[in-house]
Amino acid sequence: EYYLDTIRTVFQEFLLPRGMWKVNGELVKPAAIRKTALMSIEGELDDISGQGQTAAAHDLCTGIPKPHHKHLTVEGAGHYGIFSGRRWREKVYPQVRDFIAKYAG
């Protein structure tokens, strides 16, 4: 049920970017996020979510200062290759680690 609801909410009805997604009756407001940094990651060859889909979060989270935004497109990686295997170890993890360290504390 959760998976099907996510598909409907995110991929079919686009409720979040349309400003219409509610959780427990309360409207989700990405622009209200202020005290964090945002890093998005996607694979160049992702066959599940399209190019730019994760990067779109940056346009929605307008309360986060622009210098605290980072987007990474992993060349040659599909959906699952982003977080497993050689690409994760050599390309993705070092950037995630450094990003977290930069904004920790």
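Arg86 is linked by a side chain to side chain contact (heavy atoms under 4.5 Å, CB included) to Arg89, Glu90, counting only residues two or more places apart in sequence or in another chain. Shown here are the ring pair (Phe, Tyr, Trp, His ring centres under 6.0 Å) partners of Phe83, two or more places apart in sequence or in another chain: Trp88. Partners of Thr62 under the side chain to side chain donor-acceptor pair (under 3.5 Å) rule, at least two apart in sequence or in another chain, do not exist in this structure. For Trp21, there are no ring pair (Phe, Tyr, Trp, His ring centres under 6.0 Å) partners at least two apart in sequence or on another chain. The side chain to side chain donor-acceptor pair (under 3.5 Å) test applied to His79 returns Asp46, not counting sequence neighbours.
Listed by first then second residue, pairs satisfying ring-ring contact (aromatic ring centres under 6.0 Å, His included) with a partner in residues 33-52 number zero, not counting sequence neighbours. For residues 25-55, no pair satisfies ring-ring contact (aromatic ring centres under 6.0 Å, His included), with sequence neighbours left out. Applying the side chain to side chain donor-acceptor pair (under 3.5 Å) rule to pairs touching residues 3-18 yields Asp5-Arg8, Arg8-Glu13, sequence neighbours excluded.
Transitive grouping of hydrophobic side chains (ILVMFWY, heavy atoms separated by less than 4.5 Å) keeps Phe14 and Met20 in distinct clusters.
Through side-chain heavy atoms spaced under 4.5 Å, either directly or across other Ile, Leu, Val, Met, Phe, Trp or Tyr residues, Ile33 is tied to Leu38, Ile64. Other residues sharing a hydrophobic cluster with Tyr2 under the 4.5 Å side-chain heavy-atom criterion for ILVMFWY residues do not exist; the residue is a singleton.
The neighbour count for Tyr93 OH, taken as heavy atoms of other residues, nucleotides or ligands under 6.0 Å away, does not exceed 12.
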Pairs under 3.5 angstrom only: tabulate donor-acceptor contacts from the side chains of residues 98-105 to other protein residues two or more places apart or in another chain.
unit_1: Tyr103; atom_1: OH; unit_2: Pro67; atom_2: O; d: 2.9

Could you pull out every donor-acceptor pair under 3.5 Å between side chains of residues 54-61 and any protein atom, sequence neighbours left out?
unit_1: Thr54; atom_1: OG1; unit_2: Ile41; atom_2: O; d: 3.4
unit_1: Thr54; atom_1: OG1; unit_2: Glu42; atom_2: OE1; d: 2.8
unit_1: His58; atom_1: ND1; unit_2: His69; atom_2: ND1; d: 2.7
unit_1: His58; atom_1: NE2; unit_2: Ser40; atom_2: OG; d: 2.6
unit_1: His58; atom_1: NE2; unit_2: Lys70; atom_2: O; d: 3.4

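The shortest heavy-atom contact between Val23 and Val28 is CG2-CG2, 3.7 Å.
Between Leu72 and Lys91, the closest side-chain pair of non-hydrogen atoms is not below 4.5 Å.
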